[in-house]
Amino acid sequence: MEGTESNGSTASSVVADWSLVFWTLCAVILPVLITLWCSFQRSRRQVLIRDIFRKSKHDWHYTDLFGHPSYCCVCAQHILQGAFCNCCGLRVSEGCLKKADQLFLCKEIMMRSNGGAHSSMPHHWIRGNVPLCSCCMICKQQCGTQPKLCDYRCVWCQYTVHDECMMDCLKTEECTFGEFRDLIIPPYYLSTINQMRKDKRTNYEKVVPYCRKHWMPVIILANTRSGNNMGETLLGEFKILLNPVQVFDLSKIAPAKALQLCTLLPCNAVRVLVCGGDGTVGWVLDAIDEMKIKGQERYIPQVAILPLGTGNDLSNTLGWGAGYAGEVPVEQILQNVMEADGIKLDRWKVQVTNKGYYNLRKPKVFTMNNYFSIGPDALMALNFHAHREKTPSLFSSRIINKAVYFFYGTKDCLVQECKDLNKKVELELDGERIELPNLEGIIVLNIGYWGGGCRLWEGMGDEPYPLARHDDGLLEVVGVHGSFHCAQIQVKLANPVRLGQAHTVRLILKSSKMPMQVDGEPWAQGPCTVTITHKTHALMLYHSGEQTDDDASSMSEQDHVREQTDEDV
């Protein structure tokens with residue numbers, strides 16, 4: 001009897017143990033299975049979305065959170081996440097994406113030709129999600145005020161109309177392309193030009209709006225990898241306002257290829273807006289020089305800058321500001337491009353010839369827009385460049401980039417790796433040997449700004465100095481005593497060592513290896529001869545609206561010096 005009871009208790013304990021094991025396994029395995037199932041469904045959903053994106057004529061992008069209240073253009077429900085088109089502005093929920101792709105047409109970069117030439121096109125209306133503070137073109141009252149899908153917007157002229165003000169005549173009315181009609185390339189223009197090229201006709205002068213007097217089409221070239229990574233956002237905003245064919249991502253297409261659009265547009269009328277740092281601007285200017293070599297000089301555009309880089313000294317010199325962080329709406333940027341004045345910018349050839357009897361390598365040749373330097377600022381740029389190459393993900397912010405520059409500048413103040421530079425180099429200005437004082441660095445300037453916003457040639461502005469311009473065929477050559485001296489100049493506590501101005505600069509590095517840079521592109525250089533000569537001019541656009549107090553005071557001081565010089569003469 002006792003044996004039977006003991007066997008029963010043993011069996012029940014075994015069952016309890018297996019029950020515990022079972023539920024423990026369920027507690028562990030079930031969440032894992034649910035997670036795997038959710039992950040599979042998510043990946044399957046992403047594959048389907050990518051497939052729709054790939055086949056669609058819309059420029060769809062997915063977002064986890066819209067920046068302002070949005071409503072699905074298909075089901076009219078309020079949505080927090082979903083897809084939006086970068087060209088026409090459609091916003092849809094994930095479930096309605098496929099249906100929206102079938103129901104709504106996107107902006108057409110070229111009108112479908114039915115055999116005849118077009119000179120106009122009707123409005124292209126999209127319902128809902130109109131911009132805040134927009135006004136109805138009929139009753140002049142504010143649109144988009146109701147918390148639902150309401151009102152209409154034309155994707156070309158950006159005019160908005162209330163639901164109740166929308167009339168049948170508006171649906172067929174000719175679109176005027178709105179405020180930026182002088183910057184937009186109409187779809188019917190490209191279709192007409194395309195047909196004329198097939199017919200081997202080149203008399204574009206009679207095509208509308210080619211024949212319009214004030215038409216100055218703009219081409220947007222944006223580097224999405226520059227500085228603070230705003231390029232992607234700007235691409236979408238410019239595609240909304242312009243013809244998407246005018247907007248190029250330089251991470252996907254080279255400037256030389258994008259600029260071939262200029263050959264279909266009026267001579268000497270095209271304007272290019274480069275969204276990026278000074279390096280991106282140099283890349284575009286090199287592509288423009290290639291157009292000259294190909295015999296396309298009459299199609300050369302004028303270049304404006306939207307500064308997205310770290311230093312942005314060329315942009316600062318031309319009045320476009322020291323850096324863009326979204327504080328100015330893109331509508332105002334386009335207005336500034338329309339109103340900007342054309343000027344010339346000197347471009348220089350920098351030839352570096354290595355020393356040695358048995359040196360068979362070709363000289364290194366660079367094109368300089370901003371400045372050339374040897375010494376502490378080149379060393380900072382070299383250290384920064386090496387650090388960025390190792391960990392590029394860390395350098396996605398303009399503030400972080402400047403902080404790294406500050407760190408290496410502080411380090412050089414203590415180490416002084418470039419001391420006694422005057423004993424290692426010889427300097428010639430227009431063939432005349434210059435006796436150098438005790439220096440750590442030499443900087444050759446083409447533009448007014450250097451080092452992220454410092455007017456190096458002017459210094460403190462308390463001494464008379466020759467005028468410095470970026471279009472006079474002259475270079476300004478200055479020396480610095482070290483990184484600390486550079487910092488003093490930047491806060492106007494010291495003046496640079498002004499060595500002179502010249503049309504040709506020759507610098508001979510006699511011994512050791514020294515850091516050098518051209519427009520922020522650094523390298524370590526052994527004994528060599530550096531020769532800087534004038535190469536060509538670039539057609540740029542100058543925006544006077546961004547002039548700072550320093551610019552104004554500098555200009556007034558230079559005018560005063562000019563008046564004194566005239567009186568002496």
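In what follows, every heavy atom counts, from backbone to side chain, and hydrogens, waters and symmetry copies are set aside.
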Kindly determine whether Val303 and Leu541 satisfy side chain to side chain contact (heavy atoms under 4.5 Å, CB included), including the steps that lead there.
-> CA-CA 6 Å; Val303 180; Leu541 289 170; over 6 Å; no
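- Interatomic distance, CG of Asp341 versus CE of Met540, reported as 13.5 Å (0.5 Å rounding).
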For side-chain hydrogen bond (donor to acceptor under 3.5 Å, both in side chains), just list the numbers for His61 and Asn86, CA-CA rounded to whole Å, side-chain angles, deciding distance to a tenth of an Å, and then say yes or no.
-> CA-CA 7 Å; His61 290 264; Asn86 252 349; 3.1 Å; yes
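- Asn223 places no side-chain N or O within 3.5 Å of a backbone atom of Gly276 that could act as its donor or acceptor partner.
- Smallest separation of non-hydrogen atoms from Cys157 and Gly178: CB-N, 3.4 Å.
- The backbone N or O of Gln142 lies less than 3.5 Å from a partner atom in the side chain of His162, making a donor-acceptor pair.
- To the nearest 0.5 Å, the span separating CD1 on Ile52 from CD on Gln102 amounts to 9.0 Å.
- Contact detail for Asn312 and Gly323: the closest heavy-atom pair is ND2-CA, 3.8 Å.
- Looking at Ile447 and Leu345, their side chains come closer than 4.5 Å, going by heavy atoms from C-beta outward.
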Could you tabulate the donor-acceptor pairs under 3.5 Å formed by side-chain atoms of residues 69-78, not counting sequence neighbours?
{"from": "Ser70", "atom 1": "OG", "to": "His68", "atom 2": "O", "distance (Å)": "2.9"}
{"from": "Ser70", "atom 1": "OG", "to": "Arg91", "atom 2": "NH1", "distance (Å)": "3.4"}
{"from": "Tyr71", "atom 1": "OH", "to": "Pro147", "atom 2": "O", "distance (Å)": "3.3"}

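- You'll find the side chain of Tyr152 stays beyond 4.5 Å of the side chain of His123, heavy atoms only.
- Judged purely by atom type and a 3.5 angstrom limit, Lys140 uses its side chain to pair as donor or acceptor with the backbone of Met137.
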Between Tyr299 and Val270, does a side chain to side chain contact (heavy atoms under 4.5 Å, CB included) hold up when you go through it step by step?
-> CA-CA 8 Å; Tyr299 299 113; Val270 181; over 6 Å; no
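- Between Asp59 and Lys239, at least one side-chain nitrogen of the basic residue sits less than 4.0 Å from a carboxylate oxygen of the acidic one, meeting the salt-bridge criterion.
- Nearest heavy atom pair, residue Arg347 against residue Ala538, reads CD-CB, 3.8 Å.
- Annotation: cation-pi pair Arg153/Tyr159 absent, no NZ/CZ under 6.0 Å from the ring centroid and within 45° of its normal.
- Contact record, Cys143 with Thr160: SG-OG1, 3.7 Å, taken as the closest heavy-atom pair.
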Output a table of donor-acceptor pairs, distance under 3.5 Å, between side-chain atoms of residues 251-265 and any protein atom two or more places apart or on a different chain; print 'none' if there are none.
{"from": "Ser251", "atom 1": "OG", "to": "Thr224", "atom 2": "OG1", "distance (Å)": "3.3"}
{"from": "Ser251", "atom 1": "OG", "to": "Asp249", "atom 2": "OD1", "distance (Å)": "2.8"}
{"from": "Ser251", "atom 1": "OG", "to": "Asp249", "atom 2": "OD2", "distance (Å)": "3.1"}
{"from": "Gln260", "atom 1": "OE1", "to": "Gln296", "atom 2": "NE2", "distance (Å)": "3.2"}
{"from": "Gln260", "atom 1": "NE2", "to": "Gln296", "atom 2": "OE1", "distance (Å)": "3.3"}
{"from": "Thr263", "atom 1": "OG1", "to": "Gln260", "atom 2": "O", "distance (Å)": "2.6"}

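- In terms of the salt bridge (Lys or Arg N to Asp or Glu O under 4.0 Å) criterion, residue partners of Lys535 (sequence neighbours excluded) are, by chain and number, Asp289.
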Step by step, work out the side-chain hydrogen bond (donor to acceptor under 3.5 Å, both in side chains) result for Asp471 and His537.
-> CA-CA 8 Å; Asp471 59 355; His537 282 105; over 6 Å; no
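- Here the CG-CG distance, from Leu234 to Leu308, works out to 6.0 Å after rounding to the nearest 0.5 Å.
- Note that CG of Asn316 and OH of Tyr449 are 4.5 Å apart. Values are rounded to the nearest 0.5 Å.
- The nearest pair of heavy atoms linking Tyr542 to Gly319 is CE1-N, 4.0 Å.
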Residues 328-335, side-chain donor-acceptor partners within the protein, below 3.5 Å, at least two apart:
{"from": "Gln332", "atom 1": "NE2", "to": "Asn336", "atom 2": "OD1", "distance (Å)": "2.9"}
{"from": "Gln335", "atom 1": "NE2", "to": "Glu339", "atom 2": "OE2", "distance (Å)": "3.1"}

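- With hydrogens and angles ignored, the 3.5 Å screen pairs a side-chain donor or acceptor of Lys107 with a backbone N or O of Val155.
- Checking Val161, Val130, Asp163 one by one against Cys136, the side chain to side chain contact (heavy atoms under 4.5 Å, CB included) holds for a single residue, Val161.
- Counting heavy atoms from C-beta on, the side chains of Leu242 and Val218 come closer than 4.5 Å.
- By the side-chain hydrogen bond (donor to acceptor under 3.5 Å, both in side chains) test, Asp101 is found to be paired with Ser56, Trp60, residues two or more places apart in sequence or in another chain being considered.
- No hydrogens or angles considered: nothing links the side chains of Thr536 and Lys349 as a donor-acceptor pair under 3.5 Å.
- In this structure, the separation between CG on Leu221 and OG1 on Thr280 is 10.0 Å, given to the nearest 0.5 Å.
- Although no hydrogens or angles enter the test, the distance criterion places no donor-acceptor pair under 3.5 Å between the side chain of Ser39 and the main chain of Thr35.
- Of the possible donor and acceptor atoms, one in the side chain of Asp519 sits under 3.5 Å from a partner among the backbone N and O of Tyr371.
- Although no hydrogens or angles enter the test, the distance criterion places a donor-acceptor pair under 3.5 Å between the side chain of Trp215 and the main chain of Ile184.
- Using a 4.5 Å cut-off on side-chain heavy atoms (C-beta onward), His470 and Thr317 make contact.
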For Asn370 and Asp313, run side-chain hydrogen bond (donor to acceptor under 3.5 Å, both in side chains): C-alpha distance rounded to whole Å, both residues' side-chain angles, the deciding distance at 0.1 Å, then the answer.
-> CA-CA 7 Å; Asn370 299 1; Asp313 291 307; 5.3 Å; no
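- Here the straight-line distance linking atom CH2 of Trp156 with atom SG of Cys88 works out to 10.5 Å at 0.5 Å rounding.
- Judged by distance alone, with hydrogens and angles left aside, the side-chain atoms of Asp346 form a donor-acceptor pair with the main-chain N or O of Gly473 at under 3.5 Å.
- Put simply, the side chain of Val272 reaches to within 4.5 Å of the side chain of Val274, judged on heavy atoms.
- No more than 12 heavy atoms of other residues, nucleotides or ligands sit less than 6.0 Å from atom NZ of Lys148.
- Side-chain atoms of Gln158 come within 3.5 Å of backbone atoms of Ile240 as a donor-acceptor pair (strictly under, hydrogens ignored).
- Among residues at least two apart or in separate chains, there is no ring-ring contact (aromatic ring centres under 6.0 Å, His included) pair with a member in residues 238-296.
- The main-chain N or O of Leu183 is found under 3.5 Å from a side-chain atom of Gln246 such that the two form a donor-acceptor pair.
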Evaluation steps, side chain to side chain contact (heavy atoms under 4.5 Å, CB included), between Leu190 and Val245 | CA-CA 10 Å; Leu190 290 175; Val245 79; 3.6 Å; yes
Leu90/His58 under side chain to side chain contact (heavy atoms under 4.5 Å, CB included): CA gap, chis, key distance, verdict = CA-CA 9 Å; Leu90 273 178; His58 288 275; 3.4 Å; yes
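- Listed here is the closest heavy atom pair of Gly321 and Ser315: O-OG, 2.9 Å.
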